[in-house]
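Sequence positions, counted from 1, serve as the residue numbers for this chain. These values consider heavy atoms only, across backbone and side chains, with no hydrogens, waters or symmetry-generated copies.
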Amino acid sequence: MMLSPYPTTGERIRIGLLWLWCGLVILFLLVPILIPVPLSFNSGSFFIFPLEGISTRWYEVVLGTQRWQSAIGNSLLVAFGTTLIATILGTMTAIALADEKFPGRRIVMPLLLSPLIVPVVITAVGSYLFYARVGLASTYAGIILAHTALASPFVVVTVAASLTGFDRNLMRAAAISGAKPVRSFFKVMLPLILPGVLSGAAFAFVTSFDEVVVVQFLASANQRTMPLEMFIGLREKLSPAITAAATLMMGLSIVLLVVANILARRGQKRPG
């Protein structure tokens with residue numbers, strides 16, 4: 001009996017219902033995220049629909065006032081510092097764990113990924129209690145180190161995924177040719193795993209830039225980041241400037257995550 005290559009009417013209905021269901025789920029997930037976008041262009045001073053008018057006044061407030069400029073600067077400083085340290089440590093850790101001879105790798109890996117599982121508030125409290133004793137509380141260094149602990153697992157995972165298709169015989173060939181380990185890494189391994197490294201760096205940046213719980217415990221009044229400024233604004237005064245800041249943060253996060261996804265796909269397509 002020969003099967004028809006064309007779907008039957010019943011199959012078409014099921015496929016249509018499946019697409020409809022997927023569209024409703026996506027809409028359910030996206031609507032709460034997208035609501036601040038139109039509100040950020042409201043010319044009025046309240047969160048209301050329909051909008052009183054279209055204006056960019058709240059973006060001018062976020063980008064033009066000293067309080068928000070300081071918060072944006074603090075967020076970028078902490079995020080870039082976190083990204084740099086997390087990328088270096090995460091890449092080195094992933095390379096070490098990729099070696100099957102590494103002792104206790106099955107125990108070390110779950111420990112490294114534990115910040116993804118442990119509630120952030122526990123990490124924040126523990127970081128504060130420890131940093132207060134060593135003098136790192138209310139410092140940029142303390143915030144960056146705490147964010148590095150949260151962001152490093154993303155780098156470890158993405159770089160480890162890139163290393164699954166890496167042929168270590170290339171490193172042996174470089175060593176036989178007289179190249180030192182550091183030169184072999186930069187000339188042979190790093191170019192091949194670079195998409196994974198950059199993807200992990202993008203995730204690390206987004207993780208730090210959007211984090212607010214740890215900053216609440218560790219930051220001083222002069223070290224407020226953009227998410228913390230938004231949180232404080234929600235408690236003290238509801239202003240549409242918060243929706244403008246949220247839209248800017250969401251846009252930056254989406255761009256970085258899209259870049260990370262593109263880099264990850266390029267890493268998967270890379271010939272072994």
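- Closest of all the heavy-atom pairs between T158 and S199 is CG2-OG, 4.1 Å.
- Between S208 and H147, the shortest heavy-atom distance links the atoms OG-ND1, 2.8 Å.
- When all heavy atoms of V61 and T65 are compared, the closest pair comes out as O-OG1, 2.6 Å.
- W58 is not listed as a side-chain neighbour of T243, based on a closest heavy-atom distance of 4.5 Å or more.
- Between the side chains of D210 and S253, at least one donor N or O sits under 3.5 Å from an acceptor N or O.
- Put simply, the side chain of M230 does not reach to within 4.5 Å of the side chain of V212, judged on heavy atoms.
- When all heavy atoms of V120 and E211 are compared, the pair lying nearest together is CG1-OE2, 3.6 Å.
- Under the 4.5 Å side-chain heavy-atom criterion for Ile, Leu, Val, Met, Phe, Trp and Tyr, V157 and M92 are members of distinct hydrophobic clusters.
- The line from CD1 of I72 to CG of L63 is 5.5 Å long, rounded to the nearest 0.5 Å.
- Hydrophobic cluster membership differs between I88 and I95, with clusters built from Ile, Leu, Val, Met, Phe, Trp and Tyr side chains linked at under 4.5 angstrom.
- Residue G200 comes nearest to V155 through the heavy atom pair O-CG2, 3.5 Å, listed as atom of the first residue, atom of the second, then distance.
- The CD1 atom of I35 sits 11.5 Å away from atom OG1 of T247, with the distance rounded to the nearest 0.5 Å.
- You'll find the side chain of L170 stays beyond 4.5 Å of the side chain of M189, heavy atoms only.
- In terms of heavy atoms, Q223 sits closest to S138 at NE2-O, 3.1 Å.
- L163 and V197 fall within the same hydrophobic cluster, defined by Ile, Leu, Val, Met, Phe, Trp and Tyr side-chain heavy atoms under 4.5 Å apart, directly or through other members.
- Side-chain heavy atoms closer than 4.5 Å link hydrophobic residues (I, L, V, M, F, W, Y) into clusters, and following such links, possibly through other members, connects F217 to I144.
- In this pair, Y59 and F41 present their aromatic rings tilted. The plane angle is within the 30 to 60° band.
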